[in-house]
There are 2 protein chains.
Amino acid sequence: MPLPSNVRLVEVGPRDGLQNEKQPISVADKVRLVDDLSSAGLSYIEVGSFVSPKWVPQMAGSAEVFAQIQQQPGITYAALTPNLKGFEGALAAGVKEVAVFAAASEAFSQKNINCSISESLERFVPVMEAAKANGIRVRGYVSCVLGCPYDGAIDPQQVAHVAAELFAMGCYEVSLGDTIGTGTPGATRQLIDVVSARIPRDKLAGHFHDTYGQALANIYASLLEGVSVFDSSVAGLGGCPYAKGASGNVSTEDVLYMLNGLGINTGIDLDQLISAGQRICTLLGRDNGSRVARARQH
Amino acid sequence: MPLPSNVRLVEVGPRDGLQNEKQPISVADKVRLVDDLSSAGLSYIEVGSFVSPKWVPQMAGSAEVFAQIQQQPGITYAALTPNLKGFEGALAAGVKEVAVFAAASEAFSQKNINCSISESLERFVPVMEAAKANGIRVRGYVSCVLGCPYDGAIDPQQVAHVAAELFAMGCYEVSLGDTIGTGTPGATRQLIDVVSARIPRDKLAGHFHDTYGQALANIYASLLEGVSVFDSSVAGLGGCPYAKGASGNVSTEDVLYMLNGLGINTGIDLDQLISAGQRICTLLGRDNGSRVARARQH
């Protein structure tokens, strides 16, 4: 299979990234980050999450962020909406695309969102209905696709089942998340092979964490399997590369550097992206999680 | 091409690694590191370098290190010998295998060792002759194979030429080094394709730096091309992951983790390797450059 000639990067830094940073930042700073990412050429930005700020204080003010960002034509600005209340909040804020999530592991589902996988899927039925009624596109995430912190190995068939459920419910694309970063390229290829028996490859995305340093190898393996959409986080936000317990989002800069080297088009300007990442890192007082950004600072 | 079922990792931490750490360490501490690596199951360890301590103070005492390590049967303990004087020192120290190096870039050769590529190769003629006369195996390194800090892009044919010269002179294996870490998987595969027209694939090794985060993707790409020997450095010694100007040796732990995931045999115990890496990092007062080691410290 030839490598894809174009890849879409889904920038999750403002949501998945900032959500996992200890320090909440202001609405104005989030707006600046999203606008910087728009200017750098990202075509898809997950801007925030409509959840209770009691549970996720970092995501407070997502409605204000949506109201203040300079939305550019051709760029998707999405929000995570874990339930109908969140969806209604997003709708009121003028959000045009949302995302929902389920786990491939029962234990993770129970510990993370306190319900079984099938209960979590049922919870999305009204969200999907409301989305359809309002012409809102929905993207699906599946977590723990290559390993679970509680259950260990995960059967690819189980991942395929959950992904197929989300697809059947109306998600136009399903992102397969290696939440704990334990996946390696062979397992990644096998997973895509199994899941693509249920969902076309061009409806799949890869979401890799670099906790064990495997993310780029897994993305390259996914490209070889025909996957052409990947989630990543500017400056590796959400996973401090030095701290214990790092969640380890792969950095958009490092993915982009590899894609550029492979001659794959993304429409993203690496230098502008590095500047956007460096600015938010300075603001957060954290080191830059992108190796490319650190190498360029020489 | 199927993936290799066995891979040999060439541990360069005690030489290429420590040589690039600011702080020289004692002979006893080097001995401990090498012995730890032997115990972890490495089958090839580059122990030191026979060069003037005036130029490379970190490599002082290599003869003493060779005298004091507990050499295990089946493990190769090698030394870098840049010239005949170095070779004679290694021979006197009882070294059984040495390594020589040349650059694929004229500018790098001039700036790094102050002579042209062909002059550097001529300098190895007496080393190769002395090695042959004494039954010593010689491994060859080629640097800057995927980019040069002065010349930028390097023609794969030029790499193939230098590698073939080293092979013709008697090097039993040639290690292709991405010295500045700018290579990406497609360029890596193309390079191996071109070089393997001159040297059999099973006589090639890959030496990748993680400066831009690309090392594991490049190693996976090399495995797909049938390469089954890789150089790496325990704990990423020689390339502080946080500092500017990091040289960026890929960490042995991270490579091993990927190989384990791919079901490829190496004979190395990951836990013991992580312990060896953590011990030397503590001694050097530096953070561990292995993502796997950091993830395991949770």
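Residues A/H207 and A/F230 keep their aromatic ring centres 6.0 Å or farther apart.
Ranking B/G263, B/A217, B/A221 against chain A, the residue ahead of the rest is B/A217, based on heavy-atom pairs under 4.5 Å. Note: A/T184 leads A/D254, A/T184, A/L262 in heavy-atom pairs under 4.5 Å with chain B. Ranking A/G261, A/P185, A/A187 against chain B, the residue ahead of the rest is A/P185, based on heavy-atom pairs under 4.5 Å.
Neither the backbone nor the side chain of B/A215 comes within less than 4.5 Å of any heavy atom of chain A. Contact of A/L223 with chain B is not made at all, since no heavy-atom distance falls under 4.5 Å. Only the side chain of B/Y220 comes within less than 4.5 Å of a heavy atom in chain A; its backbone stays farther off. Proximity to chain A is absent for every atom of B/L3, based on heavy atoms less than 4.5 angstrom apart. Proximity to chain A (any heavy atom under 4.5 Å) is shown, for B/S251, by neither the backbone nor the side chain.
Taking a cutoff of 4.0 Å between a charged side-chain nitrogen and a carboxylate oxygen, A/E106 and A/K111 do not qualify as a salt bridge.
In this structure, B/I192 and B/S222 approach most closely via the heavy-atom pair CD1-OG, 3.5 Å.
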CA sep, side-chain torsions, deciding dist, call: B/R201, B/D193, salt bridge (charged side-chain N to carboxylate O under 4.0 Å, His left out): CA-CA 9 Å; B/R201 281 167 205 250; B/D193 194 51; 3.6 Å; yes
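Remark: the A/N249 side chain and the A/H209 side chain contain an N/O donor-acceptor pair separated by less than 3.5 Å.
Remark: the backbone N or O of A/I199 is not paired with any side-chain donor or acceptor of A/S196 at under 3.5 angstrom.
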